[in-house]
Structure formats: structure tokens, C-alpha cells
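Right, one structure below, let's go through it.
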There are 2 protein chains.
Amino acid sequence: MYICHMYSSELIKGTLKTIVLNLLKNNKKMYGYEICQKVKSMTDDKIQITEGALYPTLHALEKQGDVITEKVYIGKRVRKYYTLTDQGKNTMTERVNELSDFMKTMKFLLDLDTSVQNV
Amino acid sequence: MYICHMYSSELIKGTLKTIVLNLLKNNKKMYGYEICQKVKSMTDDKIQITEGALYPTLHALEKQGDVITEKVYIGKRVRKYYTLTDQGKNTMTERVNELSDFMKTMKFLLDLDTSVQNV
DNA sequence: TCTAATACCTAATTTTCTTATGTATTAATT
DNA sequence: AATTAATACATAAGAAAATTAGGTATTAGA
């Protein structure tokens, strides 16, 4: 039995934007720190997005028009909420489809589809 | 319907070593150029490993003892065949299991497991 | 004879992440 | 009350892994 504690960083590379965009679809509106925690808890600590990776990614998404931001003050502490734009929804759909397709291809390539049914 | 012609390069990042190690499992003995062609044909041109990425990867695998090489001359042209070592077989198993596990996690994270049965 | 395919290789650059560092507020612990 | 941990943002230096572009040489095909 294979027990995995945390994925090697190479694997996660390239999927960060897709993860973020997809979370924004499901949760409508999130802030950076929340995204880190959410991914960590949803994956049983297997995927831990570092803040050094996340914030530049969020800024890039904003710059290219896939998300818009709004600042909310909780007392004196600021939160920056991110929301998908219409363009961002398209980007999200494309990215998620592509990743889904990629995983099917990888499954085939690595001979992992041992099941009988194959849609 | 989503039609994918070729995956964006970010996705493939981090999976190259795993792909190579796995191909060597199934095919026993392969040379670099052959690996490129095999991956290309098996994935309907969706994954095209560039030689600039492959050769350094193969050299790294050799350096860390996961593969051994033998040169074979076809006329005057040389082919460098790569074979998994025992250590390489272990590495391969680990890598493939990790990637398989990672894809399950991503499926869950991206809410892609809509099927009823869930092994 | 010229081009395409086969077969290897490396180097400069780019992208993307890690690691480290920084600021500041608020909650929890001692 | 004071210290630590958690919350919440951010950037910058460096590393890793790919792309892009270049190089050499042989062989097959047009």
C-alpha cells in the first residue's frame, strides 16, 4: 500500500492557476490566505500552496483580467477578495477541461486504466 | 465538446521523468529519439517531448543511477539505449504511484469525480 | 542533389516555484 | 501582561525544469 504524505513540488507546478480558478468557481469569492487553507484542508495537507507562489499568481490573474479584487477591512486588518470575471470563467473552464483531458492521457500513457469500462 | 490539440507546457512540467521511467518499464530498452516518437504517437501528438528537455533528463537519470546506457551502432549512426536499473525500478514505482495519487487528489479538488463508483 | 528524417548534444533564456524575509493585526497561551 | 501563534498581505533572491535555438552527423527518400 502506497502512503503519500506530500507531493513533490514538481507535480504541483503548472496546476496552481487551475486550482485557484476552480476554487473561485465553487466558492464565488475568496481571499489569498483562505485559498491556501482550503487547498491544504481539502487535500489532507498533501498539497500546500506557499504564499510566495500564490500571491504572484493571483496578481497575474488580476493583471490578465481573469479576476477582480475588492478590499475588505476586518477591524484594521485587510482582506483582498478575489472574484472571477466573465473572461475568468472562460479561462477556468478551458483550464479545467485541459487538465482533465491531460489526466486521462497520462492515465493511458502510464497504463493506469486497468478498469474495464473506458468512456 | 472540448477538443484539445496540445497541452500547455506547464502541465507537462514535472511529469517528464515519470513518463520516461514508465516507458522503460514497459518497453525494457529504448533510446532517446524513440521515446519522443513513442510519447507523441501514444498521445495523438498531445504531448510532444522536446529533445532539449529529454536528453538532460536522461542524463540526470543516468547520473543518479536509475538507468544504465549502452551504445549501439546502426551503420555509422549511434543509438544510446537506456535500461532501468533495480534502483530505477523502485524510483519508477514510487513516481508512478505518486502521480496516480496526485491525479486522484486533483480530481477531487477540481470536483471532477462525478461518477458513482469510487474505488 | 537536395530535403527530410533519424539521432545525438548543449547553451541561453524563460517560466514557475521555493525559500527567505518583511510588515502588521488579532487571538491564544503562559 | 507579555509572548507566541495565527491571520493576512507582500516581495525578492535563488533554484529547478522546461523552451527555444542552435549545433553535428548519418541515412532515406524525392
Side-chain angles (χ1 to χ4, degrees), chain A residues 6-21 23 29-41 45-64 66-67 69-82 95 99 102 106, chain B residues 6-21 23 29-41 45-64 66-67 69-82 95 98-99 102:
Chain A
M6 195 176 150
Y7 304 119
S8 56
S9 56
E10 309 97 78
L11 279 184
I12 300 159
K13 284 189 185 181
T15 59
L16 181 53
K17 262 186 189 167
T18 310
I19 290 172
V20 170
L21 289 168
L23 278 181
K29 176 190 281 198
M30 294 180 87
Y31 55 98
Y33 189 80
E34 187 186 8
I35 292 174
C36 291
Q37 300 303 312
K38 184 82 177 173
V39 171
K40 193 172 182 282
S41 69
D45 296 16
K46 283 179 180 176
I47 299 180
Q48 294 190 36
I49 298 176
T50 59
E51 295 183 312
L54 181 64
Y55 288 116
T57 296
L58 287 171
H59 300 162
L61 286 172
E62 187 179 15
K63 201 172 181 181
Q64 70 192 44
D66 285 329
V67 295
T69 62
E70 74 187 289
K71 285 187 181 174
V72 175
Y73 282 87
I74 311 294
K76 283 179 182 173
R77 191 155 59 191
V78 71
R79 271 184 198 165
K80 209 163 153 188
Y81 277 96
Y82 290 82
R95 290 281 196 152
L99 181 54
F102 175 70
M106 283 302 293
Chain B
M6 196 177 150
Y7 303 120
S8 57
S9 57
E10 310 97 79
L11 280 184
I12 299 158
K13 285 186 184 182
T15 58
L16 181 53
K17 262 185 189 167
T18 309
I19 291 172
V20 169
L21 289 168
L23 278 181
K29 177 191 280 199
M30 294 180 87
Y31 55 99
Y33 190 80
E34 186 186 9
I35 292 174
C36 291
Q37 299 303 312
K38 183 83 177 171
V39 171
K40 193 170 182 283
S41 69
D45 296 16
K46 284 179 180 176
I47 300 180
Q48 293 190 36
I49 298 177
T50 58
E51 296 183 316
L54 180 64
Y55 289 116
T57 297
L58 287 171
H59 299 162
L61 286 172
E62 186 179 15
K63 201 173 182 182
Q64 69 194 43
D66 284 329
V67 295
T69 61
E70 76 188 287
K71 283 186 180 174
V72 174
Y73 281 85
I74 310 294
K76 284 180 183 175
R77 191 153 61 190
V78 70
R79 272 184 197 166
K80 209 164 153 187
Y81 276 97
Y82 289 83
R95 290 280 196 152
E98 191 193 13
L99 182 54
F102 176 71

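Numbers restart at 1 for each chain; the letters A, B, ... are given by sequence-line order, proteins then strands.
If you check dC17(C), dT7(D), dC9(D) against the side chain of A53(A), the one that comes closest is dC17(C). The side chain of K76(A) approaches dT26(C) more closely than any other nucleotide in the set dT26(C), dA8(D), dT18(C). Taking every side-chain heavy atom of Y82(A) into account, dA10(D) is the closest of dT11(D), dA7(C), dA10(D).
In this structure, F102(A) and I47(B) have side chains that are in contact, with non-hydrogen atoms separated by less than 4.5 Å.
Separating the CD atom of E51(A) from the C1' atom of dT7(D) is a distance of 9 Å, rounded to the nearest angstrom. When rounded to the nearest whole Å, the span between CD of Q37(A) and C1' of dA8(D) equals 10 Å. When rounded to the nearest whole Å, the span between CD of E62(B) and C1' of dC8(C) equals 14 Å. In this structure, OH of Y73(A) is placed 12 Å from C1' of dA24(C), rounded to the nearest angstrom. Spacing between atom CD1 of I35(A) and atom P of dA8(D) amounts to 12 Å, rounded to whole angstrom units. Straight-line distance from the CD atom of Q48(B) to the P atom of dT19(D): 10 Å, rounded to whole Å. In this entry the distance linking CG of L58(B) with C1' of dA18(D) reads 14 Å, nearest Å. For the pair K13(B) NZ and dT14(C) P, the interatomic distance rounds to 13 Å; values are reported in whole Å.
Between R79(B) and P56(B), the one whose closest nucleotide on DNA chain C sits nearer the 5' end is R79(B). Between K17(B) and I74(A), the residue anchored nearer the 5' end of DNA chain D, judged by the nucleotide with its closest heavy atom, is I74(A).
Of the side-chain N and O atoms in R77(A), none sit less than 4.0 angstrom from OP1 or OP2 of dT26(C). At dC9(C), one or more side-chain N or O atoms of K80(B) fall inside 4.0 Å of OP1 or OP2 (strictly under the cut-off). For the pair T57(A) and dT16(C), the criterion of a side-chain N or O lying under 4.0 Å from OP1 or OP2 is not met. An OP1 or OP2 oxygen of dA8(D) is reached within less than 4.0 angstrom by a side-chain nitrogen or oxygen of Y31(A). The side chain of H59(B) places no N or O atom within less than 4.0 Å of a non-bridging phosphate oxygen (OP1 or OP2) of dC8(C). For Y55(A) and dT11(D), the shortest distance from a side-chain N or O to OP1 or OP2 is not below 4.0 Å.
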* Between T15(B) and L99(B), does a side-chain contact (heavy atoms from CB on, under 4.5 Å) hold up when you go through it step by step? -> CA-CA 8 Å; T15(B) 58; L99(B) 182 54; 4.3 Å; yes

* Asked: What's the verdict on side-chain contact (heavy atoms from CB on, under 4.5 Å) for I12(B) and L16(B), showing C-alpha distance, side-chain angles and the deciding distance?
  -> CA-CA 7 Å; I12(B) 299 158; L16(B) 181 53; 5.5 Å; no

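Atom OG1 of residue T18(B) and atom CD of residue E98(B) lie 7.5 Å apart, to the nearest 0.5 angstrom.
At a threshold of 4.0 angstrom between heavy atoms, the contacts of G52(A) include nucleobase atoms, whether or not backbone atoms are also involved.
Under the side chain to side chain donor-acceptor pair (under 3.5 Å) test applied with E70(A), the options R79(A), K29(A), K80(A) reduce to a single match, K29(A).
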